[in-house]
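Input: a single structure, listed below in C-alpha cells.
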Amino acid sequence: MRRSKAFIPTSKEAPSDASLASHIFLARAGFISQSAAGLYNYMPLAKRVIKKIEAIVNEEMTKVGAQEVELSFVTPAELWQKSGRIEKFGKELLRFHDRKDNMFVLGPTHEEMMVELIRNRVTSYKNLPLNLYQIKTKFRDEARPRFGLMRGREFIMKDGYSFHSSQEDLDREFDLMEAAYKRILSRLGLDYRVVEADSGAIGGSGSKELMVIADSGEDTIAVCSSCEYGANIEAAISGEKKVIPDAPQAEFNKFQTPDIKSIDDLAAFFKIDPYYTVKCVAKKLIYETESEVVLFFLRGCDNLQEVKAVNAADALEIEDVSEEELKALGLVPGFIGILDQDKAKHVIDLNLKDAKHMVCGANELDYHYVGADLSVISDVAYFADISEVNAGDSCPHCDGELSFTKGIEVGHIFKLGTTYSKALKAEYLDENGKAQPFMMGTYGMGISRLVASVIEQHHDENGCIWTKATAPYMVNIMVSNIKDEAQMAAGEKLYKELQDQNVEVMLDDRKERFGFKMKDAELIGFPYTVIIGKELVNGNVQVYERTTTEKTAVSADEIFSYVMDII
RNA sequence: CGGGGUGUAGCUCAGUAUGGUUAGAGUACCUGGUUUGGGACCAGGGGGCCGAAGGUUCGAGUCCUUUCACCCCGACCA
C-alpha cells in the first residue's frame, strides 16, 4: 500500500474523553473512530489487525476440531423468553419489532441460538462431542460503555459452544479449549494469566477467565508468586494462615465496651490482634421478588467479598443497609453478635469455624463478649467462604504468597452443564435409547477487546507498538525526500521486492518532511521502518525497530535480504 | 439507573458572568513558493444554521423553557 493513497487519518490530538493508551493511540493513529456511545468504526488499519487475530483464532480452533458457523445477529425474542434471559439481561438486550410486529433482539451472546440450531439435528450420542463456534459482532446495551474498544456496546466476539454426553467429556473439552486459548494469546504476544472465576448465578461446575495483565484492567486478580494459581478476586481463596497471632487468654465473659464500635477500636481496647475479633457486615440481599437483611460474620482482619456473599446467600444483588433498618430489626449496630443471633439470617465465614478466644458483639449496647468459643455453633450455623483474600495471604496450592494485579478479561471459558439444554429441551438419545439433555460448555473471547489489549500492553509515549502477529503492516518503507530520485527509486525497488514475497508493506511516498513521517510511523507502530534517506549516497539505509526504537545501518544492496531475515 | 459535566470549523478549544460590528485561535485541508534527518516557514484560500425546537428582545453563541446527544464518578456487566 502506498501511504499517499491509504485511508489512515492520523492526528496529533486525542479525543478529549480518551484516557486509556489503547483508546488514545487507536484513535490518533487512524484505526478507529467513534460513531456513538460505545460504537466504533473500524478503519483500514484496525480491520487488518482484526483479520489477523481472527485468522489465529480460526487456526487454533480448527486444530482442536471446532467447526465455524455463523448465526444470525438478529435473534427472535421468543428464544430469550424460553431461556428466561430476557429478564436476566434486561435493558442490555436491544429489542425491536419488525414490520409484522414480531419482537427481535440483537444477539449479545448466542447460547440460545446455538442450542436451537442443533436441537433435533444432533440427536444421538454417536454424534457427540460437537464444538461449534463463530466470530461475530455482538451487541449489549451497556449502561456505561467506556474505554474505547475495551468496553463498547457493539463488539466482536469469538463465541464457541460444545455439546457432550458426560461431565467427563465436558471436562476434557474444557481443558482442550483452555490450552487452545493459551496458545492464541501466546501467539498474539500477550502476557496473560488463566484465573479461577466466579461462576455466578448461572451455576455450572466451573469457569476460568483469561486475563491480559495490564494496569488499566478492570478486574483485580490474585496470583501466586511461585505456582500457576491465579483467581479473580471474586473467587480467590487463600491457604492456611502461616503466622497466627498469640491468642488472648480470657474466660468467657461479658465485658463493658463503651462506644467501642469499630474493629480497630475493639482490638485497641483489648490490646489484641483483629484476628481474634468478629466483624459483622450487614447487607441487604435482593432476590427475584423480595429483599432481606443478611448479616455476614468474618474475622476482624478479613473483608467481605460481595460476589461471594451474593452466592452464599443465593441472591441476585447486594446493597448497603442503613442503621435505621438494622435497628428496626432489633439489632444493635456496632455490637451485633454472632452468638444467639436470632434477629436476622446470617452467614459465617469459614475462617471462623471452631474459632476460639474470640471477642464479639453481645447484641447489647456497649457490651462485647470475650473468650468466645465458636465451636458451640459449628453444627447449627451456616458457614461459607465469604472473605476476600488479602495481598500476602498464602497460596491455597503451594507455599507461595498471593499478590494482586490488574487484568483485562479477554476470554472466559465456562462449564455450563445442562442449564440451557434443559430450558430449551435440547436432548439426544444415549446408549440406552433414553433422552438426555446435552452437557454444554461455552467459550468466549473478545476479539475487539484483544485489539485494545495488545496496545495496552505494547505502547510507549509515541504510540502503538504492534507485535509481529498483530501488526497491520510488518514493514514501512519511509522515503525521506521523495524529490530525491535515487531515494525514491530505492524505495520503489524494495517495495516491489517485498510485495513479491507477500510481505505486508507500506511505502511512505508522501511529500512530507523526515520528522513528520517518523512520528507518523511511530504512532501507527509498524514493527519495522526502513529509512531511505541521506545515507543512501554512501550506499546505506537504516532499519528502525519500533520495540527498541533503535536504528541500524544496512547496506542498500543487502536491505531486502536483511528485512526478509528479521521479519 | 443515581450524581455531575459538556455541546461553537474535520480535531483540540476560546468567546457566554454584564445580549450589540462580518463569530475567533491552534491544528488539519486546498494553491503557490522556500525548505528537506525528528510533527518546517511565508503568502493566499475554502470550511460554522454556535446540538435541536420554541420563547424573551429592536437585536441571542450569550437570557428563559423544553428536548436530544456525548462524557465523567458510582451501581450494573454471560
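All values reported here derive from a predicted model rather than from experimental measurement. Chain letters run A, B, ... following the sequence lines, proteins first and then strands; every chain starts at 1.
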Practice prompt. Please work out whether B:A14 sits syn or anti, treating a glycosidic angle within 90° of 0 as syn.
Written response: anti

Pairs: protein N or O with nucleotides 28-35 of chain B N or O, under 3.5 Å:
{"residue": "B:U35", "atom": "O2", "partner": "A:R513", "partner atom": "NH1", "Å": "2.7"}

Worksheet entry | Nucleotide B:U27, atom C1' - distance to CZ of A:R28 in whole Å | 12 Å

Response to the item:
Comparing nearest nucleotides in RNA chain B, the 5'-proximal residue of the pair A:H412, A:M518 is A:M518

Discussion item. Whether A:K415 engages the ring of A:F174 as a cation-pi pair (distance to the six-membered ring centre under 6.0 angstrom, angle to the ring normal within 45°) should be assessed.
Written reply: yes

Discussion item. OP1 or OP2 of B:A75 versus the side-chain N and O atoms of A:R144: is any pair under 4.0 Å?
Written reply: no

Item to complete: May I have the distance from A:I482 (atom CD1) to B:G37 (atom P), rounded to whole angstrom?
Response: 14 Å

Worksheet item: Any side-chain donor paired with an acceptor under 3.5 Å for A:S11 and A:E13?
Response: no

Practice prompt. Mind checking A:M478 for me? I need base, sugar-phosphate or nothing, with any heavy atom below 4.0 Å counting as a touch.
Written response: nothing

Item to complete: Let me know, please, whether A:K91 or A:P108 comes out on the 5' side of the other along RNA chain B by nearest nucleotide.
Response: A:K91

Discussion item. Please pick, from B:G39, B:C70, B:G38, the nucleotide with the shortest atom-to-atom distance to any side-chain atom of A:A37.
Written reply: B:C70

Item to complete: With pairs defined as Watson-Crick or G-U wobble and both distances under 3.5 angstrom, please note down RNA chain B as a dot-bracket string, | for pairing with another strand.
Response: (((((((..((((......[...)))).((((((.....)))))).....(((((..]....))))))))))))....

Worksheet item: Ignoring hydrogens and geometry, is there a side-chain-to-backbone donor-acceptor pair from A:H459 to A:I455 under 3.5 Å?
Response: yes

Worksheet item: What string of B, S and - do you get for nucleotides 4-13 of chain B, 5' to 3', when a contact is any protein heavy atom under 4.0 Å?
Response: -------SSS

Practice prompt. Can you tell me, in whole Å, how much space there is between the C1' of B:G38 and that of B:G61?
Written response: 41 Å

Discussion item. Tell me if the aromatic rings of A:F104 and A:W80 count as close, with their centers under 6.0 Å from one another.
Written reply: no

Worksheet item: Once you round it to whole Å, what is the distance between P of B:A69 and CZ of A:R153?
Response: 10 Å

Worksheet item: Using a cut-off of 4.0 Å on non-hydrogen atoms, how would the nucleic acid contact of A:D520 be classed: base, sugar-phosphate, or nothing?
Response: base

